[in-house]
Amino acid sequence: MGEIAAYDLTLVEGHFFKDAFGGLLFDRDEVSEAIYDASVVASVYDWTLEGICSYFSNLSPSCWPVTTDLRTLTQHHKKTVLPEWLNDHGLMEILESGKAHRRAEEMLAIQLIFETYLTLISALQSGELIAKGRESALAEAVDVPASLWSSEFSYVSLRRNELLRIDGDKRQVLAEDLTIFVAQNTKRKRKSRPDSKGRFVEAEVIRFLQALADRPWQRRDCIEKEALQLFPGLSGRHFERLWALHAPKDRTKPGPRSARSSNR
């Protein structure tokens, strides 16, 4: 799988595994819009993060394999049906039979969800990202060995933020409170250059916003349009987050232009 884009690293840094996965799903326009479209045409299913985390409920507590591929995940997952549909026995019979028609929107969303998960796992396998976890509730958090992310016996419980070893009926929690961090060498590598697809790193966008203090006042939508052109891959949602954090304060204050200008 490909690298996590530099401007997406902030979505995972310092977050529990589940929240990092959720950030990559719902804070990136391409994926979140696909999930929304799927929720419209396949409204019987739970398309929330909690529902998605339960796709492999046959492996209690909803464990996802780490050595797998897109085809296997697609074939063996089972989407969560919303509670209000569970008493519709005719519908449930169709869903359980596997004969329910799948719309293109649903198939695209599933593909992007699993591609996102596999990219996250790949980053942990390569050392681009590091996971820390505790062997027990009172233990100190330590780095999870990268080798565990390549073991056929390793599974992730997204709902519990745990890494488990599952071998037949034998189950062992290897690390709990799984938290994702960006490796230092990854930060250095991404700090001052575009990523592998030529897209600028987040630091470049931040410098662009901070430099607005030395420019004549412009409407925010004009600035956003300019930023999206300057930094391919920057999404509107990501721009909004960076704008709130790093734009000059006089640009983010509500009120008419004259009021803002008089305070400069």
Side-chain angles (χ1 to χ4, degrees), residues 1-4 8-9 11-27 31 35 45-81 83 96 109-183 186:
M1 301 301 294
E3 291 183 336
I4 295 178
D8 289 333
L9 292 176
L11 300 177
V12 302
E13 172 74 12
H15 293 291
F16 284 130
F17 193 106
K18 176 183 176 181
D19 297 328
F21 183 45
L24 293 175
L25 292 181
F26 293 100
D27 287 334
V31 186
I35 293 174
Y45 297 119
D46 183 354
W47 293 95
T48 65
L49 178 59
E50 194 66 29
I52 291 170
C53 289
S54 302
Y55 277 1
F56 298 94
S57 56
N58 58 309
L59 287 172
S60 178
S62 299
C63 295
W64 293 45
V66 302
T67 55
T68 186
D69 53 40
L70 179 61
R71 182 178 180 181
T72 301
L73 292 173
T74 303
Q75 289 180 341
H76 294 286
H77 81 286
K78 182 179 180 181
K79 287 187 285 296
T80 307
V81 178
E96 292 290 343
I110 290 299
Q111 175 185 331
L112 292 176
I113 288 169
F114 289 145
E115 285 182 348
T116 299
Y117 171 75
L118 291 171
T119 298
L120 183 56
I121 293 297
S122 177
L124 290 164
Q125 291 171 339
S126 68
E128 179 185 4
L129 298 178
I130 295 172
K132 291 182 179 292
R134 310 174 192 277
E135 292 185 359
S136 63
L138 300 179
E140 183 179 351
V142 296
D143 291 355
V144 175
S147 59
L148 291 179
W149 297 107
S150 299
S151 170
E152 63 178 305
F153 299 110
S154 292
Y155 291 79
V156 177
S157 171
L158 293 174
R159 298 177 67 181
R160 298 187 181 184
N161 292 302
E162 293 177 343
L163 180 66
L164 300 94
R165 174 184 169 86
I166 300 178
D167 185 3
D169 295 331
K170 297 179 180 179
R171 309 168 60 84
Q172 176 188 2
V173 176
L174 302 175
E176 56 186 58
D177 292 338
L178 279 179
T179 307
I180 305 298
F181 295 93
V182 181
T186 303

Check: Ile35 and Ile52: which non-hydrogen atoms are nearest, and at how many Å?
Finding: CD1-CD1, 4.3 Å
Next item on the list: With the side chain counted from C-beta on, respond yes when Leu148 and Leu174 share a heavy-atom pair under 4.5 Å apart, and no when they do not.
Entry: yes
Next item on the list: State, yes or no, whether a side-chain contact exists between Leu158 and Phe56 at a heavy-atom distance under 4.5 Å.
Entry: no
Check: Sub-3.5 Å donor-acceptor pair from the side chain of Asp69 to the main-chain atoms of Thr72, do we have one?
Finding: yes
Next item on the list: List for me each residue that meets side-chain hydrogen bond (donor to acceptor under 3.5 Å, both in side chains) alongside Lys79, sequence neighbours excluded, and say none if there are none.
Entry: His77, Glu106
Next item on the list: Look up atom OG in Ser154 and atom CG in Leu164, then write down how far apart they are to the nearest 0.5 Å.
Entry: 9.0 Å
Check: Got Leu124 and Ile180 here, is their nearest side-chain heavy-atom distance under 4.5 Å?
Finding: yes
Next item on the list: Give, for atom OG1 of Thr68 and atom CD of Glu152, the distance between the pair rounded to the nearest 0.5 Å.
Entry: 12.0 Å
Notebook entry, point to check: When rounded to the nearest 0.5 angstrom, what distance separates CZ in Arg160 from CZ in Phe17?
Noted result: 16.0 Å
Next item on the list: Locate the shortest heavy-atom distance separating Pro65 from Tyr117; write the atom from each residue and the value.
Entry: O-OH, 2.7 Å
Next item on the list: Compare every heavy atom of Leu49 with every heavy atom of Leu25, then report the nearest pair and how far apart it is.
Entry: CD1-CD1, 4.3 Å
Item checked: Expected output: side-chain Glu162 to main-chain Val173 donor-acceptor under 3.5 Å -> no
Using a 3.5 Å cut-off and no angle test, enumerate the donor-acceptor pairs between side-chain atoms of residues 131-138 and protein atoms at least two apart in sequence or in another chain.
| from | atom 1 | to | atom 2 | distance (Å) |
| --- | --- | --- | --- | --- |
| Lys132 | NZ | Asp143 | OD1 | 2.5 |
| Arg134 | NE | Asp177 | OD2 | 3.4 |
| Arg134 | NH1 | Ala139 | O | 3.0 |

Checklist line | Partner set under ring-ring contact (aromatic ring centres under 6.0 Å, His included) for His15, not counting sequence neighbours | finding: none
Notebook entry, point to check: For the atom pair OG1 (Thr116) and CD1 (Ile121), what is the distance rounded to the nearest 0.5 Å?
Noted result: 12.0 Å
Margin query: Please check if the number of heavy atoms outside Gln75 that lie under 6.0 Å from its CD is greater than 12.
Written below: yes
Check: Donor-acceptor pair, Glu13 side chain versus Val182 backbone, under 3.5 Å?
Finding: yes
Checklist line | From CZ (Arg71) to CD (Gln111), nearest 0.5 Å | finding: 14.5 Å
Check: Are side-chain heavy atoms of Ile113 and Tyr55 found at a separation under 4.5 Å?
Finding: yes
Checklist line | Side chain proximity check, Val12 to Asp19, heavy atoms < 4.5 angstrom | finding: no
Note to self: Please find the pair of heavy atoms, one from Phe181 and one from Gly14, that lie closest to each other, and give the distance.
What the structure shows: CE2-CA, 3.9 Å
Check: Do Val81 and Tyr45 have side-chain heavy atoms sitting under 4.5 Å apart?
Finding: yes
Notebook entry, point to check: Taking all non-hydrogen atoms of both residues, which atom of Arg171 and which atom of Ile166 are closest, and how far apart?
Noted result: NH1-CD1, 3.5 Å
Item checked: Glu176 side chain reached by Asn161 side chain, heavy atoms, under 4.5 Å -> no
Note to self: A side-chain contact here means heavy atoms from C-beta on lying under 4.5 Å apart; do Leu129 and Leu120 qualify?
What the structure shows: yes
Note to self: For a quick test of reading the model, state the closest non-hydrogen atom pair linking Leu70 to Leu118 and the distance between them.
What the structure shows: N-CD1, 3.6 Å
Note to self: Run Phe16 and Leu178 through side-chain contact (heavy atoms from CB on, under 4.5 Å) and show every step you take.
What the structure shows: CA-CA 6 Å; Phe16 284 130; Leu178 279 179; 5.9 Å; no
Margin query: Rounded to the nearest 0.5 Å, what separates atom CZ in Phe21 from atom CZ in Phe26?
Written below: 8.5 Å
Check: Please walk me through it: do Tyr155 and Val66 pass side-chain contact (heavy atoms from CB on, under 4.5 Å)?
Finding: CA-CA 6 Å; Tyr155 291 79; Val66 302; 5.8 Å; no
